[in-house]
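One structure below.
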Amino acid sequence: MNRFLTITALFASAAFDGSFARPFAEGTCKITPSAPAGPFIQTAGVLEKGTTLCSEEYRKSGEAAPDAEKVKLSGFVLDEDCKTPVTPSEREVRLLVWQADPNGVYDDFRDQASHYCRGWMTVMEDGSFEVNTLVPGYYQTRPRHFHILIEAEGYETLVTQLYFRDDMRLNKDGNNCCNEELEELWIKKEEGKGDSLRVKYNFYLKRSEQWVP
């Protein structure tokens with residue numbers, strides 16, 4: 001039986017109250033750092049996936065179902081003030097997630113049109129998001145990771161990656177994009193109660209010159 005994992009991501013400078021029921025208090029966060037987009041970034045024609053990323057309906061026909069652990073990544077998209085949600089009712093906001101499948105294969109190697117583990121995810125009216133997906137496999141020599149792109153009106157576009165804190169390949173990646181200098185992007189896996197476990201990570205966006213209250 002597939003086992004769910006919980007991922008809890010904490011910025012080194014962020015105060016954690018144990019629940020993530022509300023965004024952090026003002027002045028206790030730092031803007032989410034960027035990381036390379038990688039060679040497989042694709043925005044045009046990507047499907048709206050809602051809350052499920054690596055869904056079975058988009059797996060290539062005839063391809064065996066992966067025996068992989070399930071992960072639910074959720075949290076908030078927040079302003080640089082650390083407390084104000086970036087909401088679609090007030091300004092356009094889009095969240096794109098892509099990753100290697102559990103076998104370390106990207107859509108580009110399978111079929112770009114399949115969008116198996118790639119999609120625009122829903123950002124709710126309170127700035128929250130939820131991504132139900134699978135633990136990505138190792139791609140070449142890289143640690144397991146998720147790619148994230150967030151576009152929001154009045155903010156600089158964020159392109160970044162998230163890595164598992166316990167991954168033995170951290171600090172050994174030749175791209176130098178997941179070393180200790182970017183430890184804010186390391187996420188911790190935690191087991192919860194039962195088979196349905198929680199995952200939390202907040203993204204903090206930098207205002208652009210076009211930002212207005």
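For the numbers below, each heavy atom of this structure counts, side chains included, while hydrogens, waters and symmetry mates do not. When a residue number appears, it is its place in the shown sequence, counting from 1.
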Anything under 30° is parallel, anything over 60° is perpendicular, the rest tilted; go ahead and classify [X] against [Y].
{"X": "W211", "Y": "Y155", "answer": "perpendicular"}
{"X": "F40", "Y": "Y139", "answer": "perpendicular"}
{"X": "Y201", "Y": "F203", "answer": "tilted"}

Any residue meeting salt bridge (charged side-chain N to carboxylate O under 4.0 Å, His left out) with [X], in chain and number order, not counting sequence neighbours:
{"X": "R144", "answer": "none"}
{"X": "D166", "answer": "K189"}
{"X": "D167", "answer": "none"}

| task | Treating Ile, Leu, Val, Met, Phe, Trp and Tyr as nodes and any side-chain heavy-atom pair under 4.5 angstrom as an edge, say whether Y138 and W98 lie in one connected cluster. | result |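 No; W98 is not reachable from Y138 via cluster members.
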Side chains of [X] and [Y], heavy atoms from C-beta outward: is any pair under 4.5 Å?
{"X": "E183", "Y": "R165", "value": "yes"}
{"X": "R207", "Y": "D81", "value": "yes"}
{"X": "H115", "Y": "E48", "value": "no"}
{"X": "W120", "Y": "L95", "value": "no"}
{"X": "P136", "Y": "F164", "value": "yes"}

To the nearest 0.5 Å, what is the distance between [atom1] ([X]) and [atom2] ([Y])?
{"X": "T87", "Y": "M124", "atom1": "OG1", "atom2": "CE", "answer": "11.5 Å"}
{"X": "E80", "Y": "K30", "atom1": "CD", "atom2": "NZ", "answer": "14.0 Å"}
{"X": "S89", "Y": "D126", "atom1": "OG", "atom2": "CG", "answer": "9.5 Å"}
{"X": "Y204", "Y": "I31", "atom1": "OH", "atom2": "CD1", "answer": "11.5 Å"}
{"X": "I150", "Y": "T157", "atom1": "CD1", "atom2": "OG1", "answer": "10.0 Å"}
{"X": "I148", "Y": "Q99", "atom1": "CD1", "atom2": "CD", "answer": "9.0 Å"}

Ignoring hydrogens, what is the shortest heavy-atom contact between [X] and [Y]? Give both atom names and the distance.
{"X": "Y106", "Y": "A100", "value": "CE2-N, 3.5 Å"}
{"X": "A152", "Y": "V86", "value": "CB-CG1, 3.9 Å"}
{"X": "T32", "Y": "L158", "value": "O-CD1, 3.6 Å"}
{"X": "S34", "Y": "L185", "value": "O-CD1, 4.4 Å"}
{"X": "T133", "Y": "C54", "value": "OG1-SG, 3.3 Å"}
{"X": "A37", "Y": "I41", "value": "CB-CD1, 3.8 Å"}

- request: Sort out for me which residue in T43, D107, D101 forms a side chain to side chain donor-acceptor pair (under 3.5 Å) with R118.
  value: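 Answer after filtering T43, D107, D101: D107.
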Q | Stepwise side-chain contact (heavy atoms from CB on, under 4.5 Å) test for R142 and Y163 | A | CA-CA 10 Å; R142 301 218 54 217; Y163 317 93; 3.5 Å; yes
Query raised in the report: Is the backbone N or O of G75 less than 3.5 Å from a side-chain atom of S128, with the two atoms forming a donor-acceptor pair by type?
Result: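 Not confirmed, S128 side chain does not pair with G75 backbone.
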| request: Consider only side-chain N and O atoms of E130 and T51, and report whether a donor and an acceptor are under 3.5 Å apart. | output: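 Per modelled atom types, E130 and T51 side chains form no pair under 3.5 Å.
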